[in-house]
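Each chain gets a letter, A, B and so on, in the order its sequence line appears, and its residues count up from 1. Heavy atoms only: backbone and side chains are in, while hydrogens, waters and symmetry mates are out.
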Protein chains: 2
Amino acid sequence: MDPVRRPRGRPRKPVLLDTAGLGPRRGLHDQAAERLRALIVEGTLPAGAALVETELSAALGISRTPLREALKLLAVEGLVELRPNRSPRVAELQPEAVTELFEAIAAIERAAAELAASRITPAELERLRRLQTEMEAHHAAGDLAPYFALNQQIHALIVASARNACLREAHEALHARAEIARRRALDSRARWDESVAEHRAILAALEARDAARAGRLLADHVGHTGTALLAGLTRPDAA
Amino acid sequence: MDPVRRPRGRPRKPVLLDTAGLGPRRGLHDQAAERLRALIVEGTLPAGAALVETELSAALGISRTPLREALKLLAVEGLVELRPNRSPRVAELQPEAVTELFEAIAAIERAAAELAASRITPAELERLRRLQTEMEAHHAAGDLAPYFALNQQIHALIVASARNACLREAHEALHARAEIARRRALDSRARWDESVAEHRAILAALEARDAARAGRLLADHVGHTGTALLAGLTRPDAA
DNA sequence: TTTTCGTGCTCTGCATGCAATTCATGCCAA
DNA sequence: TTGGCATGAATTGCATGCAGAGCACGAAAA
């Protein structure tokens with residue numbers, strides 16, 4: 001009928017959130033949630049900022065409907081605070097919340113490590129060893145950013161090795177807020193040497209398939225990380 | 001100007017989800033999510049059922065927009081499965097998923113009990129004792145429904161006593177699916193005597209402020225419950 | 001008979017319109 | 001000057017319109 005199929009409804013804007021052909025083309029709300037999550041974590045949208053629907057939807061090149069859906073998802077993750085008939089705000093991260101956050105992450109990772117001790121495959125263990133080696137190299141070289149990226153990959157891999165979707169999803173849901181805390185804390189390399197050593201001990205416990213030890217070591221490690229971040233957040237109260 | 005303030009736009013339907021003046025008047029999407037959650041848990045919407053937006057929105061007396069928002073929330077909770085360009089379906093609860101679910105709940109409740117051992121207030125402990133007494137009375141009388149209600153209240157109170165919002169929210173998110181498993185399992189009173197005794201031991205550990213013991217006992221208790229439910233779900237495969 | 005393509009319908013995904021609520025400004029009275 | 005209320009603008013919450021994707025049914029070809 002009409003060989004030229006141009007969208008009649010409206011000339012689509014030069015979208016800001018096009019996935020560049022990477023993913024399996026999810027809905028706009030999903031892309032918007034991912035983009036907003038990144039903007040909040042990296043601080044482009046600062047804590048307390050009002051998220052006006054019309055502004056944001058225009059900035060992202062989408063309409064208010066998928067944006068609203070994305071905001072509700074971020075509210076579940078605790079990144080955004082919804083208030084009835086008011087503009088949503090980027091959630092503030094109170095010090096007590098950081099404590100609670102890392103208590104929860106420690107709980108999940110302890111259980112994950114205990115399960116992983118018996119469920120982790122040799123291939124996964126080998127990958128953990130490689131990540132650990134690489135991370136230590138970055139540690140030795142003093143490269144902070146790749147160190148953190150690998151650190152995070154290690155934790156994620158341990159959780160994945162537990163073969164438990166509920167734990168993995170709960171862990172992912174908490175991850176964004178932990179990342180915010182990590183970025184805001186000054187003096188990020190304070191606990192560096194200690195942390196690398198703890199990672200080595202955790203890896204050894206997993207290799208020995210010692211569930212209790214792996215769980216305890218990982219929970220303590222996360223707890224120490226939380227304490228250190230909290231100190232880096234509260235002591236020098238410069239925003 | 002106009003003393004009679006009738007809504008001009010559209011005669012509002014005799015809504016099916018009016019909160020009856022109970023809550024603080026939340027949005028329709030929130031009410032819809034709550035209603036749908038109940039319908040799925042109680043089995044009115046059976047596993048695998050297609051959730052057609054137009055049908056559901058008509059049934060609930062709302063439009064598709066808030067319904068879609070509610071469905072996305074339920075998808076995060078794992079109650080609904082969203083598929084691109086297809087009707088969402090009520091999620092099936094596979095046996096492996098039940099195992100994972102109770103592993104995760106055990107992890108969260110263990111951590112909660114450990115924290116609660118030092119944070120629980122005398123008033124909360126007193127309330128726990130009363131709930132335990134009441135639950136034992138229903139146990140002795142053979143009243144299944146109130147027993148389960150109290151059982152659930154006890155677990156929720158222990159988690160609340162941990163004073164950790166992240167853990168509490170993660171626990172709540174998993175609760176609906178656990179309730180589904182509980183309802184579907186036949187022979188729900190199989191482990192009854194054992195379960196009541198375990199609760200007594202958990203309460204004693206909390207009263208003694210013994211974090212490790214409370215955590216271990218509660219995690220084991222949840223694990224046993226999961227195992228029993230799994231057996232009740234898989235053995236007699238009659239739906 | 002089986003496979004493949006075409007046709008139409010249904011339903012989702014997104015955009016937009018409209019009313020109610022909220023917040024800010026300014027006026028009036030004390 | 002200060003407190004209280006009216007008025008208007010800004011913004012959310014919900015409803016609906018519209019295009020496209022997916023599925024079913026059926027016809028035509030192998």
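- Which of dA15(C), dC14(C), dT12(C) sits closest to the side chain of His29(A) comes down to dC14(C).
- If you take CG of Leu56(A) and C1' of dC14(C), they are 17 Å apart, rounded to a whole angstrom.
- Remark: Arg130(B) does not engage Glu134(B) in a salt bridge, criterion side-chain N to carboxylate O under 4.0 Å.
- Across the interface with DNA chain D, nearest-nucleotide mapping of Asn85(B) and Ser63(B) shows Ser63(B) to be the residue nearer the 5′ end.
- Side chain Arg64(B) to base dG13(C): a donor-acceptor pair is found below 3.5 Å.
- In this structure, Ser87(B) reaches the dT12(C) phosphate: one of its side-chain N or O atoms is under 4.0 Å from OP1 or OP2.
- For Pro66(A), the side-chain atoms get nearest to dA15(C) when compared with the rest of dA15(C), dT16(D), dG17(C).
- Atom CG in Leu67(B) sits about 11 Å away from atom P in dG13(C), given to the nearest Å.
- Between Val52(B) and Thr65(B), the one whose closest nucleotide on DNA chain C sits nearer the 5' end is Val52(B).
- No donor-acceptor contact under 3.5 Å links the side chain of Thr54(B) to the base of dT10(C).
- A close approach under 4.0 Å does occur between a side-chain nitrogen or oxygen of Arg86(B) and OP1 or OP2 of dC23(D).
- With respect to Glu179(B) and Arg182(B), a salt bridge is recorded, a charged nitrogen being found less than 4.0 Å from a carboxylate O.
- When side chains are defined from C-beta on, Ile120(B) counts as touching Leu128(B), because their heavy atoms get closer than 4.5 Å.
- Remark: P of dG13(C) and CG of Leu51(B) are 12 Å apart, rounded to the nearest angstrom.
- The distance from atom CD of Gln31(A) to atom C1' of dG13(C) is 12 Å, rounded to the nearest whole Å.
- What separates CG of Leu71(B) from P of dT12(C) is a distance of 9 Å, to the nearest Å.
- A salt bridge links Arg119(A) with Glu103(B); the closest basic N to acidic carboxylate O contact falls under 4.0 Å.
- Across the protein-nucleic acid pair, Glu69(A) atom CD and dC14(D) atom P stand 13 Å apart, rounded to whole Å.
- Per the geometry, NZ belonging to Lys72(A) stands 11 Å off C1' belonging to dC14(D), to the nearest Å.
- Regarding contacts with the backbone of dG13(D), a side-chain N or O of Arg68(A) is found under 4.0 angstrom from either OP1 or OP2.
- For the pair Arg83(B) CZ and dA21(D) C1', the interatomic distance rounds to 13 Å; values are reported in whole Å.
- For the pair His221(A) and Glu109(A), the minimum side-chain heavy-atom distance is 4.5 Å or more.
- The Leu28(A) side chain lies nearest to dC14(C) when the options are dC14(C), dT11(D), dT16(D).
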